[in-house]
2 protein chains.
Amino acid sequence: MEEANPGTVRPGGRTARVRAAVLRAAGDALAEQGFAHLDLADIARRADVGKTTVYRRWGTVTSLVADLLVDMAEQSLPRTETGSLLGDLKANARLVQRTLADPRQGKLFKAVIAAATCDAGTADALHRFYAIRIAEWAPCVRQAIDRGEAPEGTDPHDVIRAVSAPLYYRLLTSADPLDEATADRAAEAAVAATRAGAYRR
Amino acid sequence: MEEANPGTVRPGGRTARVRAAVLRAAGDALAEQGFAHLDLADIARRADVGKTTVYRRWGTVTSLVADLLVDMAEQSLPRTETGSLLGDLKANARLVQRTLADPRQGKLFKAVIAAATCDAGTADALHRFYAIRIAEWAPCVRQAIDRGEAPEGTDPHDVIRAVSAPLYYRLLTSADPLDEATADRAAEAAVAATRAGAYRR
DNA sequence: TCCATAACGGAACTCCGGTTTCGTTAGTGG
DNA sequence: CCACTAACGAAACCGGAGTTCCGTTATGGA
């Protein structure tokens, strides 16, 4: 007789309220202090729940981060459409830039990336989160192919990744500003490379 | 009377031997288990030194990682020259790819990036490490400008960063393979974007 | 070579994050 | 509405990472 994980038999009601409060508290704490010294008892206090509950339901910091990533993936924004590849990729770059440059969101993303380096389950959740984001924006590259703005055989996922990569690299490896010019440059570079066939497979 | 930090009055002899052993042990442990649960007493055991010494000299895990980054920056490889921008950027991309795809080095880089998200001193050391690497390879873009392969006003640092960024993005946000084709594509995309003037300032 | 002391390490100690226990509260289905 | 139990939380407990103490070893300059 396999025992169900806590919170899975009755996922609604109080259980859902506790999850929401704990995930909100976790996001706040991650943004404030990063991943390293995250303390589940502190999360419990912030969420106004018992620390036993947090240990029972999530067990470890990285499991809590993985659950937060699942929640973030469910909440993420749909893409916009501008009618041109450059316009779409600039919109995407600006969205990523605004997120990473936001004091709370930028730190939160750093923290979840750090957590994912330390735990396979969290890494899976992070990979899924980004796969969902990339899949959300990939159609704009397909549309560009249809409009003749990108060569046949261009991999849409590669193009979308090429827009985000310089912004994340900047966030994680330097203290350089993450401004709109940087975002626009990332989009322009991705468009130029796309047109030149660099992402053809 | 300001007290000197341990190891700074007599930095040679036994002090240097202890540092070398501790940094080697730290690199191994970071590669094996990531950053989160790094235990200074374990590092001391691996290095065959007293744990008091590790706490006295480095104090925290992140300070030890920062010192490891200083050491890594001192050890890094000089750039190669191929005579063409594409050749040079491919060489750079391949070097980064080989490093990140290496089982030990890839994990080590993930771990130091994670550590840098958690501590300002470690972040500074990481930023310096990458600034040194980028400065090492920037001359190849300057040479390309001189040869007419890149437009005047191209920012060499932007170009070198554009080569690395997709590889780090792949390492940190997905489980996708980091192969030579990916490295070559990063170089080709950077060259195409450079030629199109995307990195002109 | 000698000496002052920087740097060292073993052992004892502390404290806080993680674990266990068990009575209480909320949810669900008959 | 009621009975069963999933989920909850307070309190007590535990152990290992971090800290302190003090005798030992190695270094560098006179």
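Just so it is clear: chains get the letters A, B, ... in the order the sequence lines come, proteins before strands, and each one is counted from 1. Given the structure is predicted, the values throughout are model-derived calculations rather than measurements.
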Can you tabulate the close N/O pairs, meaning under 3.5 Å, that link protein atoms to atoms of nucleotides 16-18 of chain D?
| unit_1 | atom_1 | unit_2 | atom_2 | d |
| --- | --- | --- | --- | --- |
| dA17(D) | OP2 | Asp39(B) | OD2 | 3.4 |
| dG18(D) | OP2 | Tyr55(B) | OH | 2.6 |
| dG18(D) | O5' | Tyr55(B) | OH | 3.3 |
| dG18(D) | N7 | Lys51(B) | NZ | 3.3 |
| dG18(D) | O6 | Lys51(B) | NZ | 3.2 |

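- For Thr15(B) and dA6(C), a side-chain-to-base donor-acceptor distance below 3.5 Å is absent, hydrogens and geometry of angles not being considered.
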What nitrogen or oxygen pairs link the protein and nucleotides 2-5 of chain C at under 3.5 Å?
| unit_1 | atom_1 | unit_2 | atom_2 | d |
| --- | --- | --- | --- | --- |
| dT5(C) | O2 | Arg10(B) | NH2 | 3.0 |

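- Under a 3.5 Å cut-off, the side chain of Thr182(B) and the backbone N or O of Leu178(B) do not form any donor-acceptor pair.
- Note on Arg56(B): every side-chain N or O is 4.0 Å or more away from OP1 and OP2 of dT19(D).
- Looking at heavy-atom distances under 4.0 Å, Gly7(A) makes contact with sugar-phosphate atoms alone, never a base.
- Between Phe129(B) and Phe109(B), the two ring planes are tilted [angle within 30° to 60°].
- Checking side-chain atoms of Glu136(A) against main-chain N and O of Pro78(A) turns up no donor-acceptor pair under 3.5 Å.
- Contact check, Arg17(A) against dT25(C): no side-chain N or O comes under 4.0 Å of OP1 or OP2.
- The backbone N or O of Tyr199(B) lies less than 3.5 Å from no partner atom in the side chain of Asp155(B), so there is not a single donor-acceptor pair.
- Heavy atoms of Thr60(B) sit nowhere under 4.0 angstrom from any nucleic acid atom.
- Where Val9(B) and Thr52(B) meet DNA chain D, the nucleotide closest to each residue was compared, and Thr52(B) sits on the side nearer the 5' end.
- A salt bridge is defined here as a Lys NZ or Arg NE, NH1 or NH2 lying under 4.0 Å from an Asp or Glu carboxylate O, and Arg200(A) with Glu188(B) fails to meet this definition.
- For the OP1/OP2 pair of dA7(C) and a distance below 4.0 Å, the side-chain nitrogens and oxygens of Thr53(B) include no atom meeting the criterion.
- The closest donor-acceptor contact from the side chain of Thr194(B) to the backbone of Ala190(B) lies under 3.5 Å.
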